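To start, the structure itself, in structure tokens.
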Amino acid sequence: MGSAEVDKHTPPSGDGAGKDVLTGLSNGMDRHKSKDKDHHSHKHKHKDKDREKCKDKNREKHKDKHKDKHKDKHKEKSKDKEKKHDKEDRKHGREERKQSKEDKKLDKEEKRKEKGKMKDKAEKASCVEVKNEPMSEDDDTPLASHSFSQTSQDSEDDDQPLSFRKKVKIEVKAEKPVKRKAEDMAVDDEDDYVASKKKNKKVEEKKEKVDKKQTNGASPTKRVKKEKKEEEETWKWWEEEKHEDGVKWKSLEHKGPVFAADYEPLPGNVKFKYNGKEMKLSTAAEEVGSFYAAMLDHDYVTKDVFNKNFFKDWRKFMTHSEKEIITDLKKCDFTHMLTYFKAKSEEKKNRTKEEKQQLKLENEETVKEYGWCIIDGHKQRIGNFKIEPPGLFRGRGDHPKMGMVKRRVMPEDVIINCSKGTAPKPPAGHKWKEVRHDNTVTWLASWTENVQGQVKYIMLNSASRLKGEKDWQKYEIARQLKDSVEKIRETYKEDWKSKEMKIRQRSVALYFIDKLALRAGNEKDEDQADTVGACSLRVEHISLHEQKNGKQCVVVFDFLGKDSIRYYNEVPVEKRVFKNLQIFMENKKPGDDLFDRLNTTIMNKHLNDLMEGLTAKVFRTFNASNTLQEQLDSLTDPNSSVTEKILAYNRANRAVAILCNHQRAVPKTFAKSMENLQKKIDTKREAIQEAEQSYKDLKKEAKKTGSAAAKIAAGKKEKQLEKLKEQLMKLEVQATDREENKEIALGTSKLNYLDPRISVAWCKKNGVPIEKIYNKTQRDKFQWAIDMAGPEFEF
DNA sequence: CGTGTCACTTAGTAGCCATGTG
DNA sequence: CACATGGCTACTAAGTGACACG
């Protein structure tokens with residue numbers, strides 16, 4: 001992680017903002033962590049007790065987890081590299097945040113008690129007080145000094161800070177024997193299905209072509225025409241009628257997932273040493289130990305949390321006597337194991353062609369057998385048909401669970417979902433955990449992973465109908481937003497003036513979501529990395545500057561978002577927003593929620609009222625696609641070469657990636673490859689000069705002598721020169737492109753945010769082959785768009 | 001209503017592999 | 001032909017958001 005992570009934490013370049021050295025974190029960060037511990041575990045106990053009431057099964061596990069929590073609490077973190085400063089700071093902030101949340105909680109509880117008595121009074125009072133929340137209109141007086149907190153303190157419930165988010169997740173609970181859905185669903189094999197219970201709200205798209213779809217593309221003529229391979233790949237599902245609401249398929253048949261290969265014990269000559277002495281480990285302990293050994297070169301092993309988690313989990317796999325001996329990870333010597341693994345992978349690389357061929361074939365075989373399913377009569381590719389192999393959990397950022405052992409998944413853990421009567425056979429000697437026939441979901445198989453306790457799914461590939469249709473629908477909603485966004489913007493701007501704190505917070509958060517394409521920011525548990533989005537921003541994540549770099553009312557954002565990617569941005573905002581932020585931050589500690597009366601549920605409920613189907617993430621899609629469209633319109637010169645057009649496209653794409661903060665680690669080989677490219681350019685330049693010279697000479701000579709041969713030679717040279725120039729141009733374009741791209745990932749936006757029809761239309765309009773924009777997988781994923789968008793399509 | 005569960009999308013990266021180059 | 005290099009795919013973590021339940 002190390003270097004990569006550091007890279008990530010540098011501000012994104014290119015949008016003109018954010019070049020500063022990180023400052024934002026300094027505010028109040030030196031605060032102390034401490035005491036929170038007690039509160040914390042207290043909380044846990046409560047929770048757990050409650051839970052035990054309902055589900056006593058998990059008792060043991062929970063106890064176990066308790067211990068974890070305690071131990072993990074004290075992070076000693078001794079030697080730390082400078083680079084980690086800000087991270088450290090964050091951690092402190094977090095500790096404090098926990099603490100302050102605890103405090104708030106207590107506060108609130110007390111209040112609640114009182115409330116009973118004072119209810120009537122409070123109610124009356126609140127009406128008044130709400131109105132009294134300060135919000136200076138246009139005047140310039142800073143509001144920072146106003147005190148609203150007093151009043152709001154005792155005001156009624158709905159203007160109270162939301163209750164505090166804490167909830168320490170259920171640690172991997174034992175599976176409860178779920179069945180329900182499958183059962184109350186009277187599924188009949190062939191083509192009966194239950195209408196969904198969900199209400200629908202969907203985007204009705206044009207679905208005229210009902211005629212075409214006499215049974216699933218079974219029309220023989222069609223088949224014959226397509227013949228050959230990918231007949232199914234050209235299944236134009238987008239011309240067919242949609243399933244009725246909530247139903248995802250009518251028939252589904254597959255072979256079940258592929259399990260990870262069994263563990264192969266190390267050969268006897270590969271030794272593990274403890275405290276300098278060789279030691280033969282039991283198979284289980286060896287397997288888990290080898291996970292660690294294989295990561296010895298990785299940055300993870302320098303992290304305390306990682307080591308601690310690993311060691312603790314590892315011990316669970318040891319025999320009694322091993323446990324007794326191995327008590328300190330530091331005394332473990334895995335180097336021999338690592339050497340062995342390295343040698344093995346080297347060996348792998350050096351395999352002969354035949355061996356490789358053989359392997360490839362075998363691979364193809366399993367894909368053929370397990371990589372496809374038949375859904376509604378069509379063969380479709382499965383996205384991930386292999387079950388995740390065991391290993392060490394690699395959480396991103398400061399993940400409290402990094403290093404924990406991810407257990408091997410057995411058939412007994414796996415739930416199969418398919419049509420009745422088509423269940424795949426479990427591997428010999430095993431049974432499935434369950435077979436269900438739920439056609440309201442899209443997954444083929446699922447299991448619960450032990451580290452985070454989340455369900456993992458086997459689903460279809462993105463080229464499939466199931467995924468494609470959803471994707472299409474996503475963009476349709478985004479386009480709808482385009483139509484109403486102006487009104488929505490007016491509304492939230494109006495709301496900045498609202499008397500009600502809650503509404504002002506909501507409107508400011510929405511402004512961020514819209515303007516900056518921030519994510520919604522759901523609440524997170526304490527046992528996940530500490531990252532935020534719009535609704536979960538904390539005071540410590542922004543700083544306000546009346547004046548910065550010649551701009552007024554600048555808000556500096558500096559926080560870790562999804563995947564612990566840093567978001568840094570300096571944004572000039574409207575005065576009203578600025579003032580509101582000042583108020584929101586008043587009397588709060590750095591670790592407190594900026595929008596304490598807001599969460600994503602509230603936000604999304606509001607959004608849904610504004611437009612059916614609207615949620616926070618739609619803004620990201622909309623803004624991304626809209627930006628692309630605008631950028632393409634303005635950057636594309638219809639008279640330029642294809643190369644230049646592609647550069648323009650990439651630039652537009654890049655603008656979106658910057659908007660969405662899609663970063664990547666600078667490729668390790670970047671500097672070198674850049675150098676090489678530069679060299680090439682230089683050589684090319686020289687070549688051009690030479691060519692120019694000899695061209696001139698030839699021309700002169702031709703003029704002088706008038707000989708036809710000389711003329712021809714000159715003409716040839718001219719052509720050559722042109723060619724060279726073109727090559728140079730290409731190289732230069734490539735260089736710029738690469739430089740501008742070094743820490744920006746274009747793929748994510750291309751794949752998830754940009755309506756493919758925009759790109760398709762652009763290609764068609766500008767005579768750019770679609771292959772220049774989309775590779776094979778991408779073309780597969782976007783078949784629908786490629787097929788239906790003409791050059792005139794506009795987002 | 002708060003909380004947990006479930007399903008599904010979005011995300012970055014490791015490492016494989018095709019490809020071009022010297 | 002060996003090798004570097006960049007592109008792509010597979011992988012899986014980490015989000016969002018709907019809904020059920022007590």
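Every chain is numbered from 1 and lettered A, B, ... according to where its sequence line falls, protein lines coming before strand lines. The figures here come from the full heavy-atom set of this structure, side chains too, leaving out hydrogens, waters and symmetry mates. What you are looking at is a predicted structure, and each value in this text was computed from that prediction instead of being measured.
- Contact check on Lys456(A) versus Asp413(A) returns no salt bridge, with no Lys/Arg side-chain nitrogen under 4.0 Å from an Asp/Glu carboxylate oxygen.
- For dG15(C), the OP1/OP2 oxygens have no side-chain nitrogen or oxygen of Asn522(A) closer than 4.0 Å.
- A donor-acceptor pair shorter than 3.5 Å cannot be found between the side chains of Glu469(A) and Gln473(A).
- Among the protein residues, Lys605(A) comes within range of no part of the nucleic acid, since none of its heavy atoms lies under 4.0 Å from any strand.
- Checked against a 6.0 Å centroid threshold, the rings of His662(A) and Tyr753(A) count as neighbours.
- Nearest-nucleotide assignment on DNA chain B puts the 5′-proximal partner with Thr601(A), out of Thr601(A) and Thr748(A).
- At least one donor-acceptor pair under 3.5 Å links the side chain of Ser345(A) to the backbone N or O of Lys342(A).
- For the pair Leu746(A) CG and dG7(C) P, the interatomic distance rounds to 11 Å; values are reported in whole Å.
- For the pair Lys456(A) NZ and dC6(B) C1', the computed distance is 14 Å after rounding to whole Å.
- With axes fitted over five pairs at each extremity, the angle between the ends of the helix from dC1(B)-dG22(C) to dG22(B)-dC1(C) is 0° (10° resolution).
- The interatomic distance linking Met404(A) (CE) with dT12(C) (P) rounds to 17 Å, in whole Å.
- The nearest whole Å value for the distance from the CG atom in Asn461(A) to the P atom in dT12(C) is 17 Å.
- Judged by closest nucleotide on DNA chain C, Ile387(A) is the one of Ile387(A) and Gly561(A) placed further toward the 5' end.
- For Tyr774(A) (side chain) and Lys750(A) (main-chain N/O), no donor-acceptor pair under 3.5 Å exists by modelled atom type.
- Each of Tyr457(A) and Asp471(A) has a nearest nucleotide on DNA chain B; the 5'-most of these lies closest to Tyr457(A).
- Neither OP1 nor OP2 of dT9(B) sits under 4.0 Å from any side-chain N or O of Tyr753(A).
- The separation between Glu523(A) atom CD and dG17(C) atom P is 13 Å, rounded to whole Å.
- Look at Asp563(A) and Arg396(A) and you find a salt bridge, because one of the NZ, NE, NH1 or NH2 atoms lies within 4.0 Å of a carboxylate O, short of that distance.
- Checking the phosphate oxygens (OP1, OP2) of dG17(C), no side-chain nitrogen or oxygen of Thr600(A) falls inside 4.0 Å.
- Side-chain proximity of Pro389(A) to the nucleotides dG12(B), dG17(C), dT12(C) is greatest for dT12(C).
- Separation of the Tyr370(A) and Phe385(A) ring centroids does not fall under the 6.0 Å cut-off.
- The aromatic ring centroids of His399(A) and Phe393(A) lie less than 6.0 Å from each other.
- With dA11(B), dT10(B), dC8(B) as the candidates, the nucleotide lying closest to the side chain of His662(A) is dA11(B).
- One interatomic measurement links the two molecules: CG of Asp438(A) to P of dC6(B), which rounds to 12 Å at whole-angstrom precision.
- Listed pair Lys470(A) / dC8(B) fails the phosphate criterion, with no side-chain N or O lying under 4.0 Å from OP1 or OP2.
- Heavy atoms of Thr442(A) sit under 4.0 angstrom from primed sugar atoms or phosphate atoms, though from no base atom.
- When each of Gly533(A) and Met674(A) is assigned the nucleotide of DNA chain C bearing its nearest heavy atom, the one mapping closer to the 5' terminus is Met674(A).
- Under 4.0 Å is where a charged nitrogen must lie from a carboxylate oxygen, and between Lys776(A) and Asp780(A) at least one such pair does.
- For Val441(A), counting side-chain heavy atoms from C-beta on, the closest listed nucleotide (dT16(C), dC8(B), dA14(C)) is dC8(B).
- The side chain of Lys406(A) lies closest to dT12(C), out of dA11(B), dT16(C), dT12(C).
- OP1 or OP2 of dT10(B) has not a single side-chain nitrogen or oxygen of Arg620(A) nearer than 4.0 Å.
- Across dA18(C), dA14(C), dT9(C), the shortest atom-to-atom separation from the side chain of Asn775(A) is found for dT9(C).
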Next on the checklist: Between Leu338(A) and Asp297(A), is the side-chain contact (heavy atoms from CB on, under 4.5 Å) condition met? List the steps.
Outcome noted: CA-CA 9 Å; Leu338(A) 176 64; Asp297(A) 281 344; 3.9 Å; yes
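- Note: CZ (Phe291(A)) to P (dT12(C)) measures 12 Å, nearest angstrom.
- For dC6(B), neither phosphate oxygen OP1 nor OP2 lies less than 4.0 angstrom from any side-chain nitrogen or oxygen of Gln454(A).
- Atom CZ in Phe622(A) sits about 17 Å away from atom P in dT10(B), given to the nearest Å.
- Put simply, Lys386(A) has a side-chain N or O that comes within less than 4.0 Å of OP1 or OP2 on dC11(C).
- A donor N or O paired with an acceptor N or O is not found under 3.5 Å between the base of dT9(B) and the side-chain atoms of Lys617(A).
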Next on the checklist: Output one letter per nucleotide in nucleotides 15-22 of chain B: B when a protein non-hydrogen atom lies under 4.0 Å from the base, S when only the sugar-phosphate is that close, - when neither is.
Outcome noted: ---S----
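- For the pair Lys242(A) and Trp472(A), the cation-pi test (distance below 6.0 Å, angle within 45°) is passed.
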